Amino acid sequence: MQIEFKINGKEHNMNVPSTMRLIDLLRDELGLTGTKEGCGEGECGSCTVLMNGKAANSCLVLVPQIRGQEILTIEALEKDGQLDQLQESFIKNSAIQCGYCTPGMLMSAKALLMVNPHPTEDEIKTSIAGNLCRCTGYNKIVQAIQEAATQD
Amino acid sequence: MKKDLNYVGRTYPIHDATQKVRGSLEYLSDMKLPKMLYAKLLLSPIAHGRIIKIDTSRAEALPGVIRVFTHLNTPKKTYSRYRIIPDQEFCLEDERLLTEKVRFVGDRVAVVVAVSKEIARQAIELIQVEYEALPVLSTPEKALDDQETKIHPEGNLLHQYQLKLGEQLPLPDDCIDIETKTNTQKVHHAAMETHVCLADFDSSGKLTLWAACQGVFGVRTIVADLLELSYNKVRVIKVPMGGSFGGRQETILEPITAFLAKEVKHPVKLTLTREDTIISTMTRPATSSRIRTKVTKEGILVDCSVETIVDAGAYATSSIDNTYVMSKKICKLYRIPYYEHSGKTVYTNTPVAGGARGWGAPEIMTAIEIHMDAAAKRLSMDPVELRRQNLVHPYDFDKSSHISLGNAQVIECLEKGAEAFSWSERFTRVLDQGRFRRGVGLACAAHKNGMYGGFPEHSTMTLKMNEDGSFILNTGLHELGCGTITSITQIAAEVLDIDLSNITVLEADTEYGPYDFGSYGSRVTYICGACAFEVAKRVKEKLLECAAYSLQKPKQYLECKNGRVWVLGNEQNSISYRDIATTAKVKDNTDIVVTHTYHGTSNPGAYAVHFAEVEVDTATGRVRVLDYLAAHDIGKAINPGMVEGQIQGGVQMGIGYALYEEVKVGNDGSILSSSFKNYHVLNAPDMPTVKTLLIEQGGDEGPYGAKSIGEIAFVPVAAAIVNAVNHALGTSMSNMPLTPEKILAVLNK
Ligand code: FES
Ligand code: FES
């Protein structure tokens, strides 16, 4: 099928199978491999992207659903070579170990801060409840998001 | 003169943090090669049976399919996925690339190579297999009872042994007998990246494997021997990976992927789904341990006897060694005059058990720490007090390995931790009787630092200085996401007195890099870190010799500081590392480069004592962890932020181990928890804040006194949680995991 959509500010018009998942479009067709696959069934959040500002599991989204939508992936989080406050804060707080969950965590946190710039600790935890991390035990991730929020 | 430390003891982010937050780090699952083909495995849907017919014609006919392989057209040679070094003991070669007899749900039956992932997936569905079903032995008990059904020709009892340490003395009259039995379950490592492998066999006859693994040389040994290639024709390169936790210690996907690449003469990538990773790779072994002790009324352990059964699953892999190391742990923790351990390793028709964070220690420490609480209860003693009387002291002798336990500060962990946690107040609080009941629990744990005392233990590194004064350290290290590269860089930076940004540490590559056994056995900081320290020291000597020549001053009048060599007492007279290196190379015909092999000659204990407070909802059986403190004897924290991260991550995994996580196997061998929908991994809202208390007293041979952390951080967690739940409810549960159903069943009894 022929489909138009916008990814990271760039308009695309492509011909892809209608059964293709958004995650495969991103990773295999567009080379945006920052979005990771950890389960393929909406349970781990590694594949989180923003769809019109809302966090979504790109492994559960089929290509027809992105028609006319604006998709943001981890590759677009930094602006003009400047890391986002969240990215800086993850680095500073040792919130990254293997880093496989990191893009998804950052996108979920971004979705939260876009609507709620000063979240409570519980709101932060809820916003990343769908993002699994096996390395860090979440403490430093929560701390990093908190710190990024207070710096705004 | 003791120098202040400039780099060691400070928190740095993991070396590739910036790439990771950008999403630009290329993990193995992101890699693509020109002309790359995709492989997909067909896994057995039944737990035990013989393949009587297999028809691949429809799959082969599908456009885009390159080849289909089954047991009929692959080598029959057997191998062990566990073997690290040639001629290694206890590596049973009981596995084939593709099997004719399936031994568990998830056994490899066939594999398709196709031009796309999608076609490979479709082709798999077209393969028709007829099985002759055999009786399923889903537990060690069944496997030991059934004399008729043999999972492997040699029988189901894979191995057994007995160990007796110390002398059985006449017992004091007032001894009481305590007996407990603890069951621990199979769990999934749940590294966020699923298992994946990429191989290429080029026209020169060389095989290259890009491996997300814990030991490239072990991978090379197994693959080269299996495919009958010499070791110089197999190159294994460690690439970035999304976690491991022991799940990538063994060589799982590399043999089959290498074989495929060799056959089709194209790069081949094999990526597993989450479900395939859960059922078909490795699990933590399920164990059961019956412990009997004799304890005096004053709470002194006199005698301890342990019987352990380890469920190896369908293939032996590391399970014999795992059973054996379990017997070596308790004497690292407690002073016991007489200790006896017998172990059985048993094949079952269940997922394959293997290396998992802690390697036997979590299983046996959970059992002994649940037992210690049972003993304290019988004696009406405070669990802290009972342990204090029996724990090992610094420089005690390890009965099982006959070497020193080093500066073992477990009592310090216990005392400082109990104080910081306000243990006695919380423990003696009147217990709740309502719906929500709180309780506290603690557990001690011992683990090790490398493999000295049972296995060869050494590491080699080459450190070279560039003309601009920067350095490259070539190693056999594997970054699993724990911050290894950063801490090794810190150690080298400290010795060389130069900022971290001037040192590049390379990871393992069998062709271009030096030999190392790999990242397991809690050996990386203690052994490889010491190697980095030693090689940097030798390079520094060379550097000073060259500087002495340039500055015309004897070496002992010189010191290194912040990338320059200074003449002591004369701040004006100095020379930069750049000038030293360039002058050495260009004028003095000297290269500053050193290769060093470090040999481990000690193996002190690594210790932890964890404290947990839980709240049990007696209406639902759900447990919430309210508070958590982890006290660790770490010798010296090289990178305190990453150390904390290791501990917090260990606690996340350990709470899951205690309460929810289980690769559940039905009576027919089917896997009942094969996805994250029914395999519960603790998420952020359920995770408590973990406070850490680091005891840093050095005193052993690790770099700057450092000891291991990644594995020991997980070891005491489950027991601390189980003990807290038992304290809250007045129960004595020891059949993990303590799911709501099990808790309700006990409460309703
Ligand atoms: S890969 Fe999409 S949620 Fe796990
Ligand atoms: S950092 Fe490894 S999964 Fe989160």
Side-chain angles (χ1 to χ4, degrees), chain A residues 17 19-20 24 27-28 31-46 73-75 77-78 83-84 86-88 90-106 121-122 124-142, chain B residues 11-14 16-27 29-32 117-118 189-194 240-245 271 273-275 479-483 639 641-642 644-653 675-677 679 681-690:
Chain A
T19 51
M20 182 180 259
D24 298 322
R27 290 176 52 86
D28 297 342
L32 295 169
T33 53
T35 302
K36 305 296 179 199
E37 177 160 1
C39 70
E41 54 181 16
E43 295 290 330
C44 76
S46 311
T73 71
I74 186 68
E75 285 86 356
L77 199 54
E78 75 180 289
L83 293 185
D84 188 88
L86 274 166
Q87 291 170 305
E88 296 279 10
F90 267 58
I91 296 174
K92 192 170 145 236
N93 284 284
S94 305
I96 306 149
Q97 289 186 29
C98 83
Y100 203 77
C101 70
T102 307
M105 285 284 180
L106 284 166
E121 190 178 322
D122 281 346
I124 292 174
K125 288 184 182 171
T126 309
S127 77
I128 56 165
N131 293 83
L132 299 180
C133 173
R134 191 52 144 179
C135 302
T136 66
Y138 309 103
N139 285 189
K140 289 180 188 299
I141 292 175
V142 172
Chain B
T11 292
Y12 291 89
I14 193 160
D16 48 8
T18 307
Q19 286 171 286
K20 284 171 174 168
V21 296
R22 286 190 163 127
S24 64
L25 182 71
E26 192 175 54
Y27 291 77
S29 47
D30 303 327
M31 278 182 74
K32 262 191 198 160
K117 282 193 281 193
E118 188 46 35
H189 302 79
M192 281 301 125
E193 183 179 32
T194 60
M241 66 211 267
S244 185
F245 316 109
T271 309
T273 61
R274 176 59 56 184
E275 177 173 2
E479 175 61 78
L480 314 179
C482 314
N639 185 347
M642 292 302 282
E644 265 178 32
Q646 283 298 303
I647 297 171
Q648 291 161 342
V651 174
Q652 186 270 0
M653 204 178 252
S675 101
F676 282 156
K677 284 196 198 308
Y679 187 95
V681 174
L682 206 76
N683 67 357
D686 284 342
M687 179 69 196
T689 301
V690 176

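No experiment lies behind these values; they were computed from the predicted model shown.
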Would you check if A:Cys135 and B:Phe245 make a side-chain contact, meaning some heavy-atom pair closer than 4.5 Å?
-> yes
Side chains of B:Met687 and A:Val142: does their closest heavy-atom pair fall under 4.5 Å?
-> no
Option that, when pairs with chain A are counted at under 4.5 Å, heavy atom only, ranks first among B:Val681, B:Asp16, B:Thr11 | B:Val681
Interface check, chain A: of B:Gly483, B:Gly650, B:Ala191, B:Ser29, most non-hydrogen pairs under 4.5 Å belong to B:Ser29
Answer with yes or no whether the side chains of A:Ser94 and B:Glu644 bring together a donor and an acceptor at under 3.5 Å.
-> no
Checking heavy atoms, do the side chain of B:Leu25, its backbone, both or neither come under 4.5 Å from chain A?
-> backbone
Set of residues satisfying ring pair (Phe, Tyr, Trp, His ring centres under 6.0 Å) with respect to A:Tyr138, sequence neighbours excluded = none
Could you look at B:Gln646 and say if it's the side chain, the backbone, both or neither that has a heavy atom under 4.5 Å from chain A?
-> both
Do side-chain atoms of A:Asn93 reach the backbone of A:Ala95 as a donor and acceptor pair under 3.5 angstrom?
-> no
Any A:Lys36 side-chain heavy atom under 4.5 Å of A:Arg27 side chain = yes
So, the part of A:Asp28 with a heavy atom under 4.5 Å from chain B: the answer is both
If you tally heavy-atom pairs under 4.5 Å against chain B, which of A:Arg134, A:Lys125, A:Glu37, A:Met105 wins?
-> A:Arg134
In terms of heavy-atom proximity below 4.5 Å to chain A, should B:Ser24 be classed as side chain, backbone, both, or neither?
-> neither
Out of curiosity, A:Glu41 CD to B:Glu275 CD, how far, rounded to the nearest 0.5 Å?
-> 8.0 Å
Honestly, the part of A:Glu88 sitting under 4.5 Å from a heavy atom of chain B is neither
Scored by heavy-atom pairs under 4.5 Å with chain B, the best of A:Thr102, A:Asn139, A:Leu77 is A:Asn139
Please look at A:Thr136 and chain B and tell me whether the side chain, the backbone, both or neither of the residue comes under 4.5 angstrom of a heavy atom of that chain.
-> backbone
Of all of A:Ile74, A:Leu132, A:Asp122, which one pairs up most often with chain B through heavy atoms under 4.5 Å apart?
-> A:Leu132
Option in B:Met241, B:Glu26, B:His189 with maximal non-hydrogen atom pairs under 4.5 Å from chain A | B:His189
Checking heavy atoms, do the side chain of A:Ile141, its backbone, both or neither come under 4.5 Å from chain B?
-> neither
Heavy-atom distances under 4.5 Å only: say whether B:Val690 touches chain A with side chain, backbone, both or neither.
-> both
Heavy-atom proximity to chain A below 4.5 Å, by part of B:Thr18 = both
Counting heavy-atom pairs under 4.5 angstrom with chain A, the leader among B:Asp30, B:Ile14, B:Leu480 is B:Asp30
Nearest-0.5 Å distance that lies between atom CG in B:Asn683 and atom SG in A:Cys133 = 11.5 Å
Under 4.5 Å to a heavy atom of chain A? For B:Pro688 that would be backbone
B:Gly242 backbone acceptor or donor facing B:Glu193 side chain under 3.5 Å | yes
Any idea which of B:Met642, B:Met192, B:Glu118 has the most non-hydrogen atom pairs under 4.5 angstrom with chain A?
-> B:Met192
So, are B:Arg22 and A:Glu78 salt-bridged, with charged N and O less than 4.0 Å apart?
-> yes
Considering only heavy atoms from C-beta outward, does the side chain of A:Gln87 approach that of A:Leu106 to under 4.5 Å?
-> yes
Below 4.5 Å from any heavy atom of chain A, which atoms of B:Ser675 appear? Answer side chain, backbone, both or neither.
-> both
What part of A:Ile96 lies closer than 4.5 angstrom to a heavy atom of chain B: side chain, backbone, both or neither?
-> both
Is B:Asn639 reaching over with its side chain to a backbone N or O of B:Tyr12, donor-acceptor style, under 3.5 angstrom?
-> yes
Name the member of A:Gly130, A:Pro103, A:Gly38, A:Gly34 that forms the most heavy-atom pairs with chain B at distances under 4.5 Å.
-> A:Gly38
Say whether, by atom type as modelled, one donor and one acceptor occur between the side chain of B:Lys20 and the main chain of A:Gln97 under 3.5 angstrom.
-> yes
Contact part of B:Thr273 toward chain A, heavy-atom cut-off under 4.5 Å: side chain, backbone, both or neither?
-> neither
